[in-house]
Peer 1: 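The structure under discussion is supplied below as structure tokens; questions concerning it will follow.
On a predicted model such as this, the values are computed, not experimentally measured, just so you know.
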Amino acid sequence: MRWQTMRWQKTPLGLAFENRGTVDRPKIALSIWSKDRLDRRFVAGLVDEITYRYNLQLDLTDFYRRSKNDPQLGPIMDRWRGMRPLNYSSLYEYLMIAIVLQNATVRRSVQMMQALLENYGTRLFYDSQELYCAWEPKVMDRATEQELRDLKVGYRAKSIKRVTAAFAQREIDEFDLRTRSREEQRQALLGLYGIGPASVEYILSDVFHHLDALSYISPWEQKIYSKLFFDVSPDEPVPTDKLLALFDSRFGAFKMLAVHYIWEDLFWRRKNEKVEWLEKLIRL
DNA sequence: CGGCAGGTGCGGA
DNA sequence: TCCGCACCTGCC
């Protein structure tokens with residue numbers, strides 16, 4: 001069972017997902033909790049939205065064909081066939097997460113996000129769960145920068161305020177952006193204060209499902225890729241343009257997806273056995 | 001303690 | 001276009 005909250009058309013919802021199928025015959029049972037009764041059209045719209053966000057219609061056949069014989073991906077595909085990138089956040093929510101991730105350790109990012117949810121989000125109790133649901137932009141839009149700073153988000157308060165204002169004033173619209181080209185999406189995102197190339201890359205792949213959105217590699221990722229693909233010391237990492245060229249030739253239109261599978265596999269391994277070199281490169 | 005982290009905006013070359 | 005730098009906060 002997988003629980004998550006979702007704010008859809010202003011309504012806070014408690015959701016529970018349950019697997020009722022197999023990799024080859026996938027099937028999900030969805031349960032929905034809400035304060036008021038939901039009509040048929042609302043639920044149909046919600047199901048469409050979840051289908052988009054989870055990219056449930058994605059056909060991975062070509063990807064499997066291409067990666068089957070890749071020396072690195074082949075074995076991973078045997079373990080992870082059927083997996084697809086998962087993002088359940090709206091664009092606005094993802095932007096908030098991207099901002100608190102910047103220049104911070106995971107522990108601190110979690111702490112900042114929790115403080116924001118407790119102050120601006122909605123607490124839900126359902127199915128024996130206690131989870132926060134994200135706030136609407138217009139709710140946070142009333143907060144001052146100082147109020148946000150008091151939640152220990154530091155200089156990110158300014159970015160949070162300005163991105164929130166852009167959504168509250170409808171300068172940016174997720175559903176409109178979904179119909180635009182990747183370049184238009186990139187430009188719109190870069191135009192947001194506090195959103196740079198690293199955040200944009202994650203959003204293009206996780207929110208807008210561009211499976212080839214990989215043109216920027218941050219320093220910490222560079223070290224890990226250098227070890228994974230060239231087995232070199234993190235002290236002398238492979239230049240990012242060389243890494244990007246390798247991803248292009250090896251994985252082409254699926255390069256982001258390919259790298260995603262490799263990350264998942266790496267962190268799954270890390271959960272069960274210590275991956276010594278990796279421990280030094282990530283800070284929790 | 002000082003240094004630095006899952007980045008970014010800004011000013012100046 | 002491509003640098004160098006400041007930036008909140010908490011942890012090592």
Peer 1: From the list C:dC7, B:dT8, B:dG6, which nucleotide is the closest neighbour of the side chain of A:N103?
Peer 2: C:dC7
Peer 1: Quick one: A:L101 CG to C:dT9 P, roughly how many Å, whole number?
Peer 2: 18 Å
Peer 1: Taking atom P in both B:dG11 and C:dC8, what distance in whole Å separates the two?
Peer 2: 16 Å
Peer 1: Name the nucleic acid region contacted by A:L192, choosing base, sugar-phosphate or nothing; use a 4.0 angstrom heavy-atom cut-off, strictly under.
Peer 2: sugar-phosphate
Peer 1: Considering non-hydrogen atoms only, spot the tightest contact between A:Y155 and A:Q102 and give its length.
Peer 2: OH-O, 4.4 Å
Peer 1: Taking atom C1' in both C:dC3 and B:dG6, what distance in whole Å separates the two?
Peer 2: 23 Å
Peer 1: How many whole angstroms separate atom CD1 of A:I160 from atom C1' of C:dC8?
Peer 2: 11 Å
Peer 1: Once you round it to whole Å, what is the distance between P of B:dA5 and NZ of A:K223?
Peer 2: 7 Å
Peer 1: To the side chain of A:R108, which of C:dC8, C:dC12, B:dC10 is closest?
Peer 2: C:dC8
Peer 1: Taking the side chain of A:A198 as its heavy atoms from C-beta onward, which of C:dC8, C:dC12, B:dT8 lies nearest to it?
Peer 2: B:dT8
Peer 1: For a quick test of reading the model: is some side-chain N or O of A:R156 closer than 4.0 Å to OP1 or OP2 of C:dC7?
Peer 2: no
Peer 1: Does a distance-only test, which skips hydrogens and angles, find a donor-acceptor pair under 3.5 Å between the side chain of A:Y216 and the base of B:dG7?
Peer 2: no
Peer 1: Answer yes if the side chains of A:E201 and A:S215 hold a donor-acceptor pair under 3.5 Å, and no otherwise.
Peer 2: yes
Peer 1: Are any of the side-chain nitrogens in A:R81 or A:D24 under 4.0 Å away from the carboxylate oxygens of its partner?
Peer 2: yes
Peer 1: Can you check the A:I195 CD1 to B:dG6 P distance for me, whole Å?
Peer 2: 18 Å
Peer 1: Mind checking A:Y202 for me? I need base, sugar-phosphate or nothing, with any heavy atom below 4.0 Å counting as a touch.
Peer 2: nothing
Peer 1: Angle class for the A:F175/A:W8 ring planes (parallel below 30°, perpendicular above 60°, tilted otherwise)?
Peer 2: perpendicular
Peer 1: Can you find a side chain N or O atom of A:S199 that sits less than 4.0 Å from OP1 or OP2 on B:dT8?
Peer 2: yes
